[in-house]
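Indexing begins at 1, ligand by ligand and atom by atom, following the structure's order.
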Amino acid sequence: MNQNASLLKTVETTDFITIDPHKAMQASSLDKIRVQGGTQLNGTIPISGAKNAALKHMCAAMLTSDLIQFTNMPVGLKDIQTLAALMKEMGADMTLRSDGTMFIKAENIHSTEAPYDLVRRMRASVLVMGPLLGRFGEATVSLPGGCTIGSRPIDLHLEGFRAMGAEIILEEGYVKAKAPVGGLRGAKIIFPKVSVGATENVMMAATLAKGETILINAAREPEIIDQGNALIKMGAKISGLGTSEIHIEGVPALHGMTHDVLPDRIETGTFMIGVALTGGTVRLQHTRTDFLTSLIAPLEKAGVTIDLDGDDVIVHRNGKPLVGTDIMTEPYPGFATDLQAQFMTMLTMCEGAGMVTETIFENRFMHVPELRRMGADITVQGNSAIVRGVTKLKGAEVMATDLRASVSLILAGLVAEGETTVDRIYHLDRGYENLVGKLEACGAKVERLSSSRVE
Ligand code: UD1
């Protein structure tokens, strides 16, 4: 028995996650979360692997026919399960274990098409394009369509592939990409705008191109460094990770490897803000602070203490009032747009005021009307919001509009007087593993109401 076969056999006897996003999405789509405000957070929360690294790692596994193994995969997330279903439909062997291990063997890919039904659920499905184009010379991906946090085009991804010689046509809502005879060619690509997804997609394609690809104005997110490091383990030749100029020297083929996914900085930051709001002391396990400096500085300014203990982070806030502070979202290492809604929630309870400026996405203030319904004092002007601290928020029925907005409303519910019910929480299931369980373990009064029980 070869090594791959024995690894796959080992997992047959363990606890699996069923790859059936269609069923899962339907079952949870109407669930709500009810929060009873007024309890401090005290306890321990294990941090999951980073969703935004995990999704790209899975796509990158399609660059080889060898077995790829990941640990610390956030396998409970709907986004991960949706992508697993897409890759399975394309012919990849996918095994997801509830201990966070994932095995992928993309030896028998029989389709290079990502259909509308799956792409519309998760925009990151477009990230299969680079690996498919690099390895098979073709990819057909449904256009992601509108998105609640702005138009979010994929022009930068496509321009990158074009520069490498690919022919791109748009037909009936699908992008069809075809590499030239002999495969993609290395190119110098200057991104007019910093894009996480475009950097990753083009980097993956370039690993198997002929010659050198240079990405100028590349994104520098920790998840891109993690992805690049995993690709290097697969045999890719990449330098400049973490800088805005990445060099990729194409190789003829990549091979199998094992990789531990880095911790989720957005989940880590979300719980830090949660403790800032409620007060208390929480140990966040298996995470880091070095990738959150732009959050930690304003949190400390607002009165929160953050200490490291090995790979745990201890967040504490005593009874002193929080102090208002300004933030502006920017590409990494600036303040993460994915923490903007949560930070704004914290500002609603500060002494004084704080200004939040969103520069990454248009239309990313959709949590504002919901927070206002809970008593927050927020004035929006263009892409800035002035948040004037109030003495209390009041529980209300609110609606989640996107992933990070959803969690910001749960955080608001933790400090609001009375009961808050957050509707449309399927957004949350996309990006937070066991949020209710993790908060409950720290004393929060929070429960999930399944659609059959919702009054
Ligand atoms: C990723 C993250 C998302 C995060 C975002 C910014 C994943 C799965 N998602 O999204 O959580 O909020 O980075 O940190 O990793 N743009 C274009 N053309 C393109 C691509 C992007 O104009 O071809 C624009 C976008 O509309 C946006 C900006 O560039 O205004 C940044 O987007 P990008 O960095 O690409 O975000 P994503 O990779 O989609």
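- Here is the list of ligand 1 atoms found below 4.0 Å of a heavy atom in Arg123: 39 (O).
- Of all the listed residues (Gly197, Ala336, Ala219, Pro153), Gly197 holds the heavy atom that lies closest to atom 38 (O) of ligand 1.
- Taking every heavy atom of Lys56 and a limit of under 4.0 angstrom, the matching atoms of ligand 1 come to 7 (C), 8 (C), 15 (O).
- For the side chain to side chain donor-acceptor pair (under 3.5 Å) test with Glu223, the passing option among Lys56, Lys51, Arg265 is Arg265; the others fail.
- Screening Asn383, Thr401, Thr329, Asp338 against Arg364 for a side chain to side chain donor-acceptor pair (under 3.5 Å) leaves a single residue, Asp338.
- Taken to the nearest 0.5 Å, the CG atom of Leu435 stands 9.5 Å off from the CG atom of Asp429.
- Between the choices Val196, Ile266, Asn52, Asp402, the shortest heavy-atom distance to atom 9 (N) of ligand 1 belongs to Asn52.
- Below 3.5 Å of separation, one finds no N or O of Lys51 facing any N or O of ligand 1.
- Proximity of Glu200 to ligand 1, defined as any heavy-atom pair under 4.0 Å, is not found for any part of the residue.
- For the ring-ring contact (aromatic ring centres under 6.0 Å, His included) condition, the pairs that include at least one residue of residues 63-100, sequence neighbours left out, are His57-Phe70.
- Using a 4.0 Å cut-off between heavy atoms, Glu223 makes no contact with ligand 1 at all.
- At a 4.0 Å heavy-atom cut-off, ligand 1 touches Asp155 through backbone and side chain alike.
- Looking at Tyr174, its side chain never comes within 3.5 Å of a backbone N or O of Ala114 through a donor-acceptor pair.
- The ring-ring contact (aromatic ring centres under 6.0 Å, His included) pairs that include a residue from residues 200-227 number zero, where partners must be two or more places apart or lie in different chains.
- Here the CG-NE2 distance, from Asp79 to His427, works out to 11.5 Å after rounding to the nearest 0.5 Å.
- For the pair Asn201 (side chain) and Gly130 (backbone), a donor-acceptor distance under 3.5 Å is present.
- Checking only distances, Arg404 never comes within under 3.5 Å of ligand 1, N or O to N or O.
- Every atom of ligand 1 is numbered from 1 in the order shown, and the set under 4.0 Å from a heavy atom of Arg364 is 12 (O).
- When each atom of ligand 1 is checked for a heavy atom of His157 under 4.0 Å away, the hits are 23 (O).
- Contacts of Lys193 with ligand 1, taken as heavy-atom pairs under 4.0 Å, involve the side chain alone.
- Residue-to-ligand polar distances place Ile360 within reach of ligand 1: an N/O pair is separated by less than 3.5 Å.
- Taking every non-hydrogen atom of Thr337 and a distance limit under 4.0 Å, the qualifying atoms of ligand 1 come out as 6 (C), 12 (O), 14 (O).
- Looking at every heavy atom in both residues, Ile168 comes nearest to Ala177 through CD1-CB, 3.8 Å.
- The shortest N or O to N or O distance between Leu156 and ligand 1 is under 3.5 Å.
- The two residues Thr71 and Asp260 make their nearest non-hydrogen contact at OG1-OD1, 2.7 Å.
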